[in-house]
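Side-chain atoms are counted along with the backbone in the values below, which use heavy atoms only and exclude waters and symmetry mates. The structure displayed is predicted, hence computed values, not measured ones.
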Amino acid sequence: MTTTDAGEPALLSDDMLHAVLAFYRLSRSLRNADLIRDLTWERLSTLSVVARREPVSISQLSVAEDVTAPTISRTVAALQNQALVRCVANRSDGRSVLVSSTAKGRATLQKGMLRTLEQIAELLARLDAQELEALANIIRQARDSKPQP
């Protein structure tokens, strides 16, 4: 957070204010967006991590998703009930399981991601030019401030 010399929060520039308000509108709309039937944002996110890192353990998933092991276990169980992932015993550690996506899971993930991209495009189309430019500026600043690998 930016502060003044007196340690108080600095006022946002008009550009930053427009970016923040546009982000609020986008995030609220995305949270309320209609995804694929019976596939929440949490499940879609977990499924995407599984598909990228498979096979992946419950503990690795909980770290990647920044949730507790019991929470991710419930999410994985729900995905397993939908036949989107499968769990097998970890050969090197019999106490844990490894999670992998199924063909149905990968197809569902692809469909969910395409639907999300469509929704993002629809939401961005609702923003005015000033809001879009403000968001673009914030994105450029974030990109330019990241250290190069």
Side-chain angles (χ1 to χ4, degrees), residues 1-2 9-91 93 96-149:
M1 177 200 272
T2 307
L11 294 176
L12 295 176
S13 68
D14 283 346
D15 194 41
M16 292 181 91
L17 182 61
H18 284 290
V20 169
L21 294 175
F23 178 78
Y24 287 160
R25 286 178 56 199
L26 289 173
S27 60
R28 181 179 60 242
S29 295
L30 279 173
R31 273 196 313 274
N32 296 328
D34 152 35
L35 283 176
I36 298 172
R37 183 173 144 83
D38 298 327
L39 193 61
T40 65
W41 285 104
E42 293 79 14
R43 290 180 191 174
L44 186 61
S45 178
T46 299
L47 183 57
S48 70
V49 172
V50 170
R52 274 195 329 267
R53 299 182 183 182
E54 62 190 337
V56 61
S57 70
I58 295 294
S59 61
Q60 290 169 323
L61 273 174
S62 70
V63 169
E65 290 292 272
D66 196 26
V67 296
T68 65
T71 297
I72 204 70
S73 293
R74 284 190 297 275
T75 303
V76 167
L79 291 170
Q80 193 172 19
N81 288 339
Q82 292 176 277
L84 302 176
V85 300
R86 73 178 150 275
C87 298
V88 296
N90 186 343
R91 289 186 184 141
D93 178 2
S96 68
V97 297
L98 295 175
V99 185
S100 297
S101 60
T102 62
K104 179 182 176 185
R106 289 185 295 279
T108 300
L109 176 61
Q110 183 72 13
K111 185 177 176 183
M113 293 174 101
L114 288 173
R115 179 68 185 128
T116 300
L117 289 172
E118 289 169 0
Q119 290 170 333
I120 290 170
E122 290 168 10
L123 295 171
L124 288 173
R126 294 181 197 165
L127 299 178
D128 64 34
Q130 191 174 20
E131 290 171 320
L132 286 169
E133 185 59 33
L135 277 176
N137 287 337
I138 296 295
I139 291 168
R140 279 191 286 277
Q141 288 174 15
R143 180 198 61 212
D144 294 345
S145 69
K146 279 193 171 242
Q148 298 300 318

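- Other residues, nucleotides and ligands contribute over 12 non-hydrogen atoms within 6.0 Å of the CG atom of N81.
- Using a 4.5 Å heavy-atom threshold, the side chains of V85 and L47 count as touching.
- Of the N and O atoms on the side chains of R74 and T71, at least one donor lies less than 3.5 Å from an acceptor on the other residue.
- Using modelled atom types, no side-chain atom of Q80 and backbone atom of R86 make a donor-acceptor pair closer than 3.5 Å.
- Considering only residues two or more places apart in sequence or on other chains, E133 meets the salt bridge (Lys or Arg N to Asp or Glu O under 4.0 Å) condition with R140.
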Exercise. Where do L44 and T116 land on the side-chain contact (heavy atoms from CB on, under 4.5 Å) test, with the steps shown first?
Worked result: CA-CA 10 Å; L44 186 61; T116 300; 4.1 Å; yes
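- Atom CD1 of residue I139 and atom CZ of residue R143 lie 9.5 Å apart, to the nearest 0.5 angstrom.
- Side-chain atoms of S45 and E42 include no donor-acceptor pair closer than 3.5 Å.
- Between atom CZ of residue R52 and atom CG of residue L109 there is a gap of 9.0 Å, rounded to the nearest 0.5 Å.
- Scanning both residues, V99 and L61, for their nearest heavy atoms gives CG2-CD1, 4.2 Å.
- When all heavy atoms of I58 and A69 are compared, the closest pair comes out as CG2-O, 4.1 Å.
- Between A64 and V49, the shortest heavy-atom distance links the atoms CB-CG1, 3.9 Å.
- Expressed to the nearest 0.5 Å, how far CD of E131 lies from CG of L124 amounts to 10.5 Å.
- Side-chain contact annotation: R43 with T75, donor-acceptor N/O pair under 3.5 Å absent.
- Counting only distance, with no hydrogens or angles, the side chain of K104 and the backbone of Q82 share a donor-acceptor pair below 3.5 Å.
- When atom types are taken as modelled, the side chain of R106 and the backbone of S101 share a donor-acceptor pair closer than 3.5 angstrom.
- Under the 3.5 Å distance criterion, the side-chain polar atoms of S100 are left unmatched by any main-chain donor or acceptor of E54.
- Separation of atoms CG (L98) and SG (C87) is listed at 9.0 Å; rounding is to 0.5 Å.
- With hydrogens and angles disregarded, no donor-acceptor distance shorter than 3.5 Å links the side chain of S62 to the backbone of I72.
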